[in-house]
Amino acid sequence: MSKDDDSKLAHDEFVEKRRASLERYLNRTASNPTLQVDADFREFLELDADLPKATGTSALSGAGVMRLFNRVGESVNKMTYKMDEADE
């Protein structure tokens, strides 16, 4: 087997494991008594049309996460103020 064949086989195995895991998850979720009578959940399961494309769901990179934390830190700093501690 070539390296490409090994890579394709690993990819196919991953896809199959992922599919089986998602199917198991969906079956367990669908067995929830509350969701069994939920109209939105039933519509999702029974919808024959294509679902709308997701937007804005790209994964954050490490740098993106750091920028997010920095922005949160800056926002918190703007909401707070420094106190002079005169206690000894």
Side-chain angles (χ1 to χ4, degrees):
M1 283 182 115
S2 72
K3 185 176 179 181
D4 288 339
D5 291 338
D6 287 343
S7 179
K8 181 173 177 1
L9 180 61
H11 176 266
D12 291 347
E13 288 174 359
F14 169 80
V15 169
E16 177 54 28
K17 285 180 183 178
R18 184 68 175 159
R19 185 208 57 76
S21 295
L22 289 170
E23 182 178 359
R24 186 172 60 251
Y25 170 78
L26 187 56
N27 286 332
R28 290 179 71 190
T29 302
S31 68
N32 180 294
T34 303
L35 290 176
Q36 287 178 349
V37 295
D38 183 81
D40 292 328
F41 186 69
R42 292 187 62 84
E43 180 183 3
F44 169 76
L45 292 178
E46 297 169 355
L47 185 67
D48 285 334
D50 289 337
L51 293 173
K53 299 290 183 200
T55 59
T57 58
S58 63
L60 289 174
S61 66
V65 170
M66 290 307 297
R67 281 193 302 274
L68 175 65
F69 284 145
N70 287 335
R71 285 188 207 136
V72 169
E74 290 169 6
S75 296
V76 169
N77 284 338
K78 289 177 184 175
M79 292 185 288
T80 60
Y81 59 93
K82 302 236 186 260
M83 294 178 52
D84 292 328
E85 294 193 26
D87 304 358
E88 299 212 6

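Numbers for residues simply follow the sequence, beginning at 1.
Taking OG1 of T29 as the reference point, atom CZ of F41 lies at 6.0 Å (rounded to 0.5 Å). From D40, atom CG reaches atom CZ of R42 across 12.0 Å, with rounding to the nearest 0.5 Å.
Heavy atoms from other residues, nucleotides or ligands lying under 6.0 Å from CD of E16 number more than 12.
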List the atom pairs, donor and acceptor, that lie under 3.5 Å between side-chain atoms in residues 20-28 and the rest of the protein, sequence neighbours left out.
unit_1: S21; atom_1: OG; unit_2: K17; atom_2: O; d: 3.0
unit_1: E23; atom_1: OE1; unit_2: R19; atom_2: NH1; d: 2.6
unit_1: N27; atom_1: ND2; unit_2: E23; atom_2: O; d: 3.3

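There is no path of hydrophobic side-chain contacts, each under 4.5 Å, that joins V37 to L35.
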